[in-house]
Amino acid sequence: MSAATNASDWKALAAINTLMASSLPAMAAQGPWTPAERAALASLRELHNQAILRARNASDELGKHLAEMQANKEGWLAYALNSEPAATGTTA
């Protein structure tokens, strides 16, 4: 999970999250956690929290980028319309 978080590998993180959601309840149903299992679960929880924070930050950044694109859309369209004849070698 750490490597997927550091690489912003959202597909891998989604797969890990799905695996955790199905595996952890089954493991808990087998009886009380041992001290080693509780320590591993605490480490897993910390890694999961880091992944959540990374995903939230990436989502926020993407939202900002999309908002900037939307705010500049008219300028980009005007630029594209004015640049097209030069790019194709035609005259208007």
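This structure is a prediction, so every number in the text was calculated from the model and none was measured.
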Item to complete: Name all residues meeting the side-chain contact (heavy atoms from CB on, under 4.5 Å) criterion together with I16; count only those two or more places apart in sequence or in a different chain, and write none if there are none.
Response: M1, A4, M20
Practice prompt. Return the set of residues passing side-chain hydrogen bond (donor to acceptor under 3.5 Å, both in side chains) with D9 (not counting sequence neighbours), or none when no residue passes.
Written response: none
Point-to-point distance, once rounded to the nearest 0.5 Å, from [atom1] of [X] to [atom2] of [Y]:
| X | Y | atom1 | atom2 | answer |
| --- | --- | --- | --- | --- |
| M69 | H65 | CE | NE2 | 5.0 Å |
| E61 | S8 | CD | OG | 11.0 Å |
| S2 | L44 | OG | CG | 11.5 Å |
| L47 | T5 | CG | OG1 | 7.0 Å |
| H48 | L41 | NE2 | CG | 11.5 Å |

Worksheet entry | Full working for side-chain contact (heavy atoms from CB on, under 4.5 Å) between L53 and N49 | CA-CA 6 Å; L53 181 61; N49 288 338; over 6 Å; no
Practice prompt. Verify, without hydrogens or angle tests, whether N17 (side chain) and L13 (backbone) share a donor-acceptor contact under 3.5 angstrom.
Written response: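 The answer is no, because no donor-acceptor pair under 3.5 Å joins these two groups.
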Item to complete: May I ask you to decide if A55's main-chain N or O and S59's side chain share a donor-acceptor pair within less than 3.5 Å?
Response: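 No.
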Item to complete: Would you check, one step at a time, whether the test side-chain contact (heavy atoms from CB on, under 4.5 Å) holds for R54 with W10?
Response: CA-CA 10 Å; R54 182 74 172 252; W10 310 125; 3.9 Å; yes
Worksheet item: Is R38 atom CZ crowded by more than 12 heavy atoms from other residues, nucleotides or ligands, each under 6.0 Å away?
Response: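 Buried by this count: over 12 neighbours within 6.0 Å.
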